[in-house]
Number of protein chains: 2
Amino acid sequence: MIQKTNRMNLVEQVASQIEQLIGSGHWQIGDRIPPEMELMEKFDVSRNTLREAIRALVHAGLLETRQGSGTIVRSTNALGAAIKRHVKKSALLETIDVRLALEKQAAQLAAEHRSETDLAKLEEYIQLSRQAVENKDYEQFIKLDIHFHQAIVSASNNQLLIDLYEPLAEIIYSFVQDLMAMNKPFKYEEELHIELFTAIRNQDKHAAATYVEDYMEVLRKEVVEMIEEE
Amino acid sequence: MIQKTNRMNLVEQVASQIEQLIGSGHWQIGDRIPPEMELMEKFDVSRNTLREAIRALVHAGLLETRQGSGTIVRSTNALGAAIKRHVKKSALLETIDVRLALEKQAAQLAAEHRSETDLAKLEEYIQLSRQAVENKDYEQFIKLDIHFHQAIVSASNNQLLIDLYEPLAEIIYSFVQDLMAMNKPFKYEEELHIELFTAIRNQDKHAAATYVEDYMEVLRKEVVEMIEEE
DNA sequence: TTTTGAAATTTGTAGGATGATTGGTACATT
DNA sequence: AATGTACCAATCATCCTACAAATTTCAAAA
């Protein structure tokens, strides 16, 4: 079989190495990476070559450069940044449908694969959510709710699913925050997803999927109302 | 409310303009964009600045530079390139589960929103697939099969779903091609998805979802067999 | 202690020079 | 007619130097 020849130019070589340094955790999020001069020597390339590599990763959302200050690590996965950028141009309802698709699948997989650790974590979030509602700390409630959803997706044990879901959850989270800032009424999910937890604990795939579908329908209706009000 | 001042540096300004030129179709896929010298003058920036912008888009998968030849447009959406890169590092089974999630949702939405044009297109692919099987042109059959699946996703009318699905379909298509090149046996789906078509025509959401789930389970089993053989 | 301001550090932008790769043309060879 | 060779022009790849702009650092001044 014929394969395209793959001669990597210097810029891509450097970019790929930096990506690895970030991916492996050698450079953590928030860290300032060495200045250009130092990296030029380390990689043994000219300033232009190095800058093109860094610029590529800045555009991808992995790095952020600040003139006079330095370059810091901003994210570990380029996919998340790409999705966020793309989703911002999409309609919110479309985003919800995609989130439904991913979370429904995740809930089914979670029902199959959930470990005891997963169950403990889910139960903890439910407990904390209940406390937050009692204290009327609604901001905290929203935060915990997001964590609960992400814990479900994590329990699916499918890394690709997790990576795709995360940026969507962030987008929707920031939307809900905007709603709260505008003092719009927001219906708090009172049942606290206990049914969903039960379904996953009992490894009942079908019930889990149905529950996700139902609450996403509620969210969808709320969003439609919001949009129509304006 | 105080907003951060948004001083986009020159590189990002140029990159963003080029992205727009590609997104708007002013520069089509396959087109050769003007050489650096010309773009330097058009954007009124130095060579370094222009090259950093182009390099960022090359890394994102929108452009491809060829020394001596020029720079061509390779893709219109950066998300697809990012997903492809990410998925290549994922396990194939994970990819199948994500594809199932998206296509199941797409089939349900298609059942709700399908237009007469959508139905006509689906029917046409089924017809052509049947011919391909009769002619024993299996490569053509695979190609048409992919088109059929993408037509379903298109009928969902959810652009985000479409953009996420497309790169996954491409990955799986290239995997199937590899299988055929290795002369592995490949079970052709004989029923030609007529049931799925019928469900969408009859606007039967539930049947559509069930059908997608069933044939994805078949695909999954085949992949598992392949992997175990090695 | 707080404020100010000069110096050092770091990234942003510009411009020029040379090398490497590709595509095309013309011409000779088979 | 098909293939091989030599050459040229266009284009990107890499390197270099220089200066501008933003930020940080730190010592001197209030």
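Naming: A, B, ... by sequence-line order, numbering from 1 per chain. Keep in mind that the numbers below use all heavy atoms, side chains included, and drop hydrogens, waters and symmetry copies. Remember, it's a predicted structure, so these values are computed and weren't measured experimentally.
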In terms of heavy-atom contacts, B/Phe141 and B/Ser129 come closest through CD1-O, 3.9 Å
May I have the distance from B/Glu12 (atom CD) to C/dT11 (atom P), rounded to whole angstrom? 16 Å
Below 3.5 Å is the cut-off: list the nitrogen or oxygen pairs between protein and nucleotides 13-17 of chain C, distance only.
unit_1, atom_1, unit_2, atom_2, d
C/dT13, OP1, B/Leu10, N, 2.7
C/dT13, O4, A/Arg47, NH1, 3.4
C/dA14, OP2, B/Ser46, N, 2.9
C/dA14, OP2, B/Ser46, OG, 3.3
C/dA14, OP2, B/Thr49, OG1, 2.9
C/dA14, N7, B/Asn48, ND2, 3.2
C/dA14, N6, B/Asn48, ND2, 2.9
C/dG15, O6, B/Asn48, OD1, 3.4
C/dG15, O6, B/Asn48, ND2, 2.9
C/dA17, N6, B/Arg47, NH1, 3.2

What does the list of N/O pairs under 3.5 Å between the protein and nucleotides 8-10 of chain C look like, with a distance for each?
unit_1, atom_1, unit_2, atom_2, d
C/dT10, O2, A/Gly68, N, 3.2

B/Glu38/B/Lys42 salt bridge by N-O under 4.0 Å criterion: yes
Would you say the ring centers of A/Tyr215 and A/His149 fall short of 6.0 Å from each other? yes
Mind calculating the distance between CG (A/Leu39) and C1' (D/dC15) to the nearest angstrom? 17 Å
Any A/Phe43 side-chain heavy atom under 4.5 Å of A/Ile18 side chain: yes
Pair up each side-chain donor or acceptor in residues 67-75 of chain A with any protein partner under 3.5 Å, not counting sequence neighbours, and list the distances.
unit_1, atom_1, unit_2, atom_2, d
A/Arg74, NH1, A/Glu64, OE1, 2.9
A/Ser75, OG, A/Asn77, N, 3.3
A/Ser75, OG, A/Asn77, O, 3.3

note: A/Met37, atom CE; C/dT11, atom C1'; distance rounded to Å ~ 10 Å
May I ask you to test the B/Val153-B/Leu102 pair for a side-chain heavy-atom distance under 4.5 Å? no
Is any side-chain heavy atom of A/Arg99 less than 4.5 Å from a side-chain heavy atom of A/Glu94? no
A/His59 and B/His59, any side-chain heavy atoms less than 4.5 Å apart: no
